[in-house]
Amino acid sequence: MIREYRTIEEVAGPLMLVKQVDGVKYDELGEIELPNGEVRRCRVLEVNGRNVLVQLFESAAGINLANSKVRFTGHGVELPVSPNMLGRVFNGMGEAIDGGARLISEKTMDINGTPINPAARYYPSEFIQTGVSTIDGLNTLVRGQKLPIFSGSGLPHANLAAQIARQAKVRNKDDKFAVVFAAVGITFEEADFFISDFKRTGAIDRTVLFINLASDAAIERISTPRMALTAAEYLAFECDMHVLVIITDITNYAEALREVSAARKEVPGRRGYPGYLYTDLATMYERAGRKMGSEGSITMIPILTMPEDDKTHPIPDLTGYITEGQIILSREMYRKGYMPPVDVLPSLSRLKDKGIGEGKTREDHASTMNQLFAAYARGKEAKELMVVLGEAALSPIDRLYAQFADEFEARYINQGFDENRSIEETLDLGWELLSILPKSEMKRIKPEMIEKYWPKDAK
C-alpha cells in the first residue's frame with residue numbers, strides 16, 4: 001500500500017525535506033501532488049532516520065508546504081523498454097515526445113542498471129566502421145569499446161556525432177545494428193538539428209533518441225544518459241543487437257551534478273565538482289562492453305567539450321582514465337576549414353590493434369597506419385622548421401614530408417560530414433598519399449606489402 005505524507009518541511013532549490021516518513025529507500029522515486037491536482041516527480045537522495053531529502057525533477061514553483069502530498073512508489077526511476085523503441089524520440093525521463101503512439105513496453109528496467117561482472121566480459125576485438133577516415137584508419141573503434149571525443153566550445157562535434165550515428169556499422173552484421181543517441185543539456189536548435197538530420201537520412205529507423213534540453217531541470221540531465229544506457233542494455237543483451245551509444249555533451253551532465261552537489265552543501269572537489277565525479281562517470285562508462293552468453297554489445301562514444309580547450313580539466317581528465325583512448329578535435333584544423341577537424345597526433349584508440357588486420361579490415365592496415373602517423377609527425381616538424389628557417393633551408397626529403405603533411409590534412413583528414421568512406425577507400429587513400437614519398441622511406445611497411453599495394457602510377 002502506497003502511503004501519502006503531508007509532512008513537507010522545507011523546499012530549497014531542487015531539494016525538498018519530508019519528515020516522519022517510514023520504509024523509504026535511497027534512490028526511490030516519489031510523486032508530489034499539488035493542491036490543483038498536478039503531479040511532479042522526485043527522487044530520494046538521503047534518508048536520515050524518518051527524515052527524507054528528495055530531489056525534484058521539475059520546478060519547485062507552486063509547491064504549497066501545507067497542502068501538497070508526497071507518496072513514494074517503492075522503486076527507483078525506471079524505463080519502459082520494447083524493440084519498438086527504435087525510431088522513437090524520448091525526453092530525458094523516457095517519455096515519448098515525437099507525437100507517436102504510446103509505447104507498449106515488454107518490461108520496465110531500473111535506469112541505474114547492473115555492472116557487468118569483469119569475469120564475464122569479452123575482450124573487444126571486432127572492427128566498427130564509422131566511415132570517418134581519421135577514426136577508421138588511424139584510431140579504430142572496436143565493438144565494446146569506450147572511445148570519447150574531446151571537443152572545444154564552438155567546434156562541430158554535433159555534426160561529427162550525427163555523422164557517426166548515420167554511418168556506423170559492424171561489417172557483415174548490418175541487420176542487428178542500432179544507435180542510442182542521448183543529447184544532454186542542448187539547445188532547441190541543436191535538438192531540431194539532430195532529429196531532422198536523422199529523419200532526412202533515414203538513420204532514425206535504427207536509432208533511439210533521448211533529448212534533454214538546456215531549459216529542463218538539472219536532475220533530468222543526470223538521468224538522461226542512464227535512460228539511454230538502459231535502452232542500450234535492453235537492445236544489446238536481450239535483443240542481441242550491436243548498439244552504439246553516443247552521449248553529447250558529458251560536460252553538461254557534470255555541470256548538473258555539480259549544481260545538485262552544491263545544493264546539498266557537499267564538500268567540493270577539483271574546480272567545485274563533487275569528489276565522487278570519477279565514480280559517477282565510471283558507473284556510466286563501464287556499462288559499455290560485451291558479455292558472455294550474449295551476442296549483443298554496447299560500444300560507447302561520449303562527447304565532451306573541454307572548458308577553455310583544457311585537456312587537464314577534471315571532466316576530460318577523469319574520462320581519459322576510465323575510457324580506452326580519445327579523439328581530439330582541433331581548433332587549428334577547424335580554422336583551416338578541414339572537417340571533421342580531428343587532431344590526429346594526440347588522438348588515440350588503445351584497442352585499435354585488436355580490431356584491425358586480415359579478416360577484420362585488411363592485412364596492410366597496421367603497417368600503413370604506423371607509417372602515416374610517422375610521416376605526418378615528421379611533415380609537421382618540417383613545416384615548423386620552414387616557418388623559422390624558410391623553405392630553402394629544408395632538405396629535398398623534408399620538403400616532400402612537408403608536402404605530404406599538407407596533402408594528408410587536405411585529403412585524408414578533410415572529408416566533410418556527408419562522405420562515407422569504406423575502410424578499403426581509407427586504406428587506398430593512405431597508400432596514395434604515402435606515394436608522395438620515395439619507397440625507401442617506407443620503413444614501417446614490409447617489402448611484400450609495398451609490392452602488393454603501392455599505387456601502380458606512382459614513382
Side-chain angles (χ1 to χ4, degrees), residues 2-5 13-18 21 23-33 38-47 52-60 63 69-82 85 88-97 102-115 180-185 208-213 216-235 237-238 245 247 250 252-254 256-257 259-261 263-264 274 276 279-287 298:
I2 296 177
R3 293 174 61 185
E4 292 188 336
Y5 300 93
L15 304 180
M16 186 172 79
L17 181 64
V18 188
V21 176
V24 172
K25 303 186 295 292
Y26 170 73
D27 224 23
E28 192 171 323
L29 186 66
E31 293 177 341
I32 306 153
E33 188 176 325
E38 183 189 345
V39 175
R40 297 182 190 171
R41 287 160 305 176
C42 59
R43 180 176 69 111
V44 176
L45 272 187
E46 201 175 294
V47 180
V52 174
L53 185 69
V54 299
Q55 187 171 11
L56 306 173
F57 283 106
E58 289 102 350
S59 161
I63 295 179
K69 297 181 284 191
V70 183
R71 51 182 172 265
F72 295 95
T73 60
H75 59 76
V77 183
E78 294 181 329
L79 175 70
V81 290
S82 153
M85 296 177 83
R88 301 297 302 272
V89 183
F90 301 90
N91 66 11
M93 292 305 298
E95 298 160 339
I97 55 171
R102 194 172 73 84
L103 188 75
I104 299 171
S105 61
E106 289 196 347
K107 61 188 290 192
T108 57
M109 295 172 67
D110 188 320
I111 67 164
N112 292 307
T114 50
V180 176
F181 192 98
V184 182
V208 185
L209 272 112
F210 289 87
I211 303 284
N212 164 256
L213 297 175
D216 294 328
I219 180 64
E220 190 174 311
R221 252 189 289 306
I222 293 171
S223 71
T224 305
R226 290 180 168 79
M227 289 280 174
L229 286 161
T230 304
E233 283 170 346
Y234 171 75
L235 294 171
F237 303 133
E238 299 197 24
V245 178
I247 304 173
I250 292 292
N252 293 338
Y253 168 84
L257 209 62
E259 186 181 326
V260 172
S261 173
R264 292 178 68 184
Y276 50 80
T279 311
D280 194 277
L281 290 172
T283 58
M284 289 198 311
Y285 295 151
E286 290 298 341
R287 290 169 75 173
I298 299 175

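Numbering of residues begins at 1 and proceeds along the displayed sequence.
- Scanning for side chain to side chain contact (heavy atoms under 4.5 Å, CB included) contacts around Asn91 gives Met93, Glu95, Ile97, Glu220, with sequence neighbours left out.
- Residues meeting the side-chain hydrogen bond (donor to acceptor under 3.5 Å, both in side chains) test with Lys107, sequence neighbours left out: Glu238.
- The distance from the CG atom of Leu29 to the CZ atom of Phe57 is 6.0 Å, given to the nearest 0.5 Å.
- Checked against side chain to side chain contact (heavy atoms under 4.5 Å, CB included), Gln55 has the following partners two or more places apart in sequence or in another chain: Leu15, Arg43, Leu45, Ile219, Ile222, Val260.
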Exercise. Given Leu235 and Val208, is the side-chain contact (heavy atoms from CB on, under 4.5 Å) satisfied, shown in steps?
Worked result: CA-CA 10 Å; Leu235 294 171; Val208 185; 4.1 Å; yes
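- Remark: Phe181 pairs with Phe194, Phe198 by the ring pair (Phe, Tyr, Trp, His ring centres under 6.0 Å) rule, at least two apart or across chains.
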Problem set entry | From CA spacing to verdict: side-chain contact (heavy atoms from CB on, under 4.5 Å), Glu46, Val52 | CA-CA 6 Å; Glu46 201 175 294; Val52 174; over 6 Å; no
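- Residues Tyr276 and Ser261 approach most closely at OH-CB, 3.9 Å, considering heavy atoms.
- Residues satisfying the side-chain hydrogen bond (donor to acceptor under 3.5 Å, both in side chains) criterion with Glu58, sequence neighbours excluded, are Arg41.
- Inter-residue side-chain proximity for Lys25 and Val44 is flagged as unmet; no heavy-atom pair is nearer than 4.5 Å.
- With rounding to the nearest 0.5 Å, the separation of SG in Cys42 from CZ in Phe72 is 5.5 Å.
- The closest side-chain heavy-atom distance from Ile298 to Val180 is not below 4.5 Å.
- Between Val39 and Ile32, every side-chain heavy-atom pair lies at or beyond the 4.5 Å cut-off.
- Here the closest non-hydrogen pair linking Gly13 and Ala60 is O-CB, 3.7 Å.
- Tyr26 meets the side-chain hydrogen bond (donor to acceptor under 3.5 Å, both in side chains) test with no other residue; sequence neighbours excluded.
- Partners of Arg287 under the side-chain hydrogen bond (donor to acceptor under 3.5 Å, both in side chains) rule, at least two apart in sequence or in another chain, are Thr230, Glu233.
- Remark: Lys69 pairs with Glu4, Arg6, Glu33 by the side chain to side chain contact (heavy atoms under 4.5 Å, CB included) rule, at least two apart or across chains.
- Atom CG in Leu281 sits 6.5 Å away from atom CD1 in Ile250 (nearest 0.5 Å).
- Legend: residues meeting side chain to side chain contact (heavy atoms under 4.5 Å, CB included) with Asn112, ordered by chain and number and at least two apart, are Asp27, Asp110, Arg226.
- Remark: Phe90 engages Phe210 in a ring pair (Phe, Tyr, Trp, His ring centres under 6.0 Å) (not counting sequence neighbours).
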For this session: Begin with the C-alpha distance, continue with both residues' side-chain angles, and end with the deciding distance and a verdict on side-chain contact (heavy atoms from CB on, under 4.5 Å) for Val18 and Met16.
Result: CA-CA 7 Å; Val18 188; Met16 186 172 79; 3.9 Å; yes
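- With contacts defined as side-chain heavy-atom distances shorter than 4.5 Å, the pair Leu257/Pro274 qualifies.
- Smallest separation of non-hydrogen atoms from Pro225 and Val184: CG-CG2, 4.0 Å.
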Exercise. After noting the C-alpha distance and the side-chain angles of Val89 and Ile211, does the key distance pass the side-chain contact (heavy atoms from CB on, under 4.5 Å) rule?
Worked result: CA-CA 7 Å; Val89 183; Ile211 303 284; 3.9 Å; yes
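- When all heavy atoms of Leu79 and Gly94 are compared, the closest pair comes out as CD1-CA, 3.7 Å.
- In this structure, CG in Asn212 is found 7.5 Å from OG in Ser223, a value given to the nearest 0.5 Å.
- Applying the salt bridge (charged side-chain N to carboxylate O under 4.0 Å, His left out) rule to Glu259 yields no partners; only residues at least two apart in sequence or on another chain are considered.
- Each salt bridge (charged side-chain N to carboxylate O under 4.0 Å, His left out) pair with one or both residues in residues 72-81, not counting sequence neighbours, would appear here, but there are none.
- When every heavy atom of Ala96 is checked against every heavy atom of Arg88, the shortest pair comes out as CB-NH2, 3.5 Å.
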